[in-house]
There are 2 protein chains.
Amino acid sequence: MTAKVPHTLRSDARDNRDRLLDAARELFSVDGLTVAVRDVARRAGVGPATLYRHFPTKEALVTAAFEDQLRACRDIIDEACADPDPWHGLCQVIERICVLHAQDRGFTEAFLSAYPRAFTAAVGHGHMLEAIADLAGRAQRTGRLRPDFVPDDLVLMLLANKGLQAASPAARPAASRRFAAYIIQALTHGPHNTPLPPPARLATPEPGTG
Amino acid sequence: MTAKVPHTLRSDARDNRDRLLDAARELFSVDGLTVAVRDVARRAGVGPATLYRHFPTKEALVTAAFEDQLRACRDIIDEACADPDPWHGLCQVIERICVLHAQDRGFTEAFLSAYPRAFTAAVGHGHMLEAIADLAGRAQRTGRLRPDFVPDDLVLMLLANKGLQAASPAARPAASRRFAAYIIQALTHGPHNTPLPPPARLATPEPGTG
DNA sequence: GGAGAAACGGACGGGGGCGTCCGTTAGCGT
DNA sequence: ACGCTAACGGACGCCCCCGTCCGTTTCTCC
């Protein structure tokens, strides 16, 4: 029970930790979270035990590796919510998060329920969803966002965008950009809008199975 | 080399084969192709060896299990191509294939490149894509389908729709229906169309990684 | 009803991934 | 320079999955 936490890593340890995070980001971003922990360690030039010493479980490694991306995500949303034009803000959210996800497969999988516990808790999905819902409400009141849009539709679109990662890594950004443009088109309120089927309750995505 | 193929299965064998296909369809449709072959065998009430006797590899089981779905898919497309209103036909393709995929996760994964060899060869993806491209061209000439649509965009949408399978099984059909409606909205030609980013070359989806 | 072959299924080997143990190395403070 | 301890990493156990082998059961045909 005597807390003997050094709070200061030895130089080599700090070094290895950094290299591990870099390696994790590299591998996860291209191949997703299925990459073996061993491969991350090998890429970083350390043994598996070293990795597990720094990150007791794969989930810990994942959350640590994607801290920045998560912050970037939040920044995008905060910025959009502060946009004086809520419709423009919403479009920005869609476009930017889509390409962000397209650029990083691992982050997308982490963000969308591969390790739901870690991420939903860490960032407070709830808060983000609330902010988005508010933004969407304001966008609807401007008349640019179709009135039958519901916030869950945004989750729908994010999940759909994730599906694009089955494409070749090289094609992903272009695919997501084009997809985002289509989505914005679909969300635009206009005289040609055809009625939508009832919204889906996505509440609890099944755990695992990124 | 003496061909001693009975061509007529013993009654119990035929029975087991049917039960295996049923079990495979049930499990694959809900949980996708990640289900262990053992589980399929267990569900069918037979040993693993029996399964492998009927289907020498997992891929063989998958293709056999989804033969009907594949035919249904082709029928949808053929029917749509024969539709006197090509735009209506295209919409039908989108709606029906989206819900077909929403109802059956395993088929979707099989259809979209989890076992590319088996399926692309079996059905001739090429032919289907050609037919769709022709249909889309005709739809564009009616002025209902936006002119900057390219056939690859349909693959884009199918991949995106696949992403919705991360939702709970119960929510999938509703999600896909709504998604399809949004897509059709996005593809509609109208004065409010905003230009799209350049299309993505999806040509060769990476193998594996359903 | 009995012989022969087809079909069955439990047990096995191989591969891969996750997380751990312990003998060894190397940074740090004196 | 030297010892103490943090940090390292190869090797290990465990689990899961795929596909195979062989002794046993069961259908079929006479």
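Small disclaimer: the values here were computed from a predicted structure and weren't measured. Each chain gets a letter, A, B and so on, in the order its sequence line appears, and its residues count up from 1.
For A:Arg42 and C:dG16, the CZ to C1' distance is 11 Å, given to the nearest whole Å. For B:Asp39 and D:dC16, the CG to P distance is 11 Å, given to the nearest whole Å. A straight line from NZ of B:Lys58 to C1' of D:dC16 spans 12 Å, rounded to a whole angstrom. The CG-P distance, from B:Leu61 to D:dC17, rounds to 15 Å in whole Å. If you measure from atom CZ of A:Arg10 to atom C1' of C:dG27, you get 4 Å, rounded to the nearest angstrom. Going from atom CG of B:Asp12 over to atom C1' of D:dT25 covers 10 Å, rounded to whole Å. Taking atom CZ on A:Arg38 and atom P on D:dC14, their separation rounds to 16 Å, with Å as the unit.
In this structure, A:Asp134 pairs ionically with A:Arg138, as a charged nitrogen and a carboxylate oxygen lie closer than 4.0 Å.
A heavy atom closer than 4.0 Å to some atom of DNA chain C occurs in B:Val46, B:Gly47, B:Ala49, B:Thr50, B:Arg53, B:His54, these being the qualifying members of residues 46-57 of chain B. Heavy-atom distances under 4.0 Å link DNA chain C to B:Ala13, B:Asn16 of residues 13-28 of chain B, given in residue order.
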Could you go step by step and tell me if B:Asp83 and B:Gln92 meet the side chain to side chain donor-acceptor pair (under 3.5 Å) rule? CA-CA 10 Å; B:Asp83 195 313; B:Gln92 284 292 309; over 6 Å; no
One pair to check against salt bridge (Lys or Arg N to Asp or Glu O under 4.0 Å): B:Arg43 and B:Asp39. What are the steps and the verdict? CA-CA 6 Å; B:Arg43 171 80 148 225; B:Asp39 292 344; over 6 Å; no
Decide salt bridge (Lys or Arg N to Asp or Glu O under 4.0 Å) for A:Arg71 and A:Asp75; before the verdict, give the C-alpha distance in whole Å, the side-chain angles of both, and the deciding distance to 0.1 Å. CA-CA 6 Å; A:Arg71 188 168 34 251; A:Asp75 289 350; 5.5 Å; no
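Under the 30°/60° scheme for interplanar angles, the aromatic rings of A:Phe28 and A:Phe66 are found to be tilted.
Proximity of B:Arg146 to B:Asp153: side-chain heavy atoms (C-beta onward) are nowhere separated by under 4.5 Å. Residues A:Arg177 and A:Pro173 meet the side-chain proximity criterion, which asks for heavy atoms closer than 4.5 Å.
A donor-acceptor contact under 3.5 angstrom links the side chains of A:Thr194 and B:Gln185, judged on distance only.
B:Val35 comes within 4.0 angstrom of the backbone, heavy atoms only, and of no base.
When atom types are taken as modelled, the side chain of B:Glu109 and the backbone of B:Leu33 share a donor-acceptor pair closer than 3.5 angstrom.
In terms of position along DNA chain D, the nucleotide closest to B:Val37 lies nearer the 5' end than the nucleotide closest to the other residue of the pair B:Val37 and B:Ser11.
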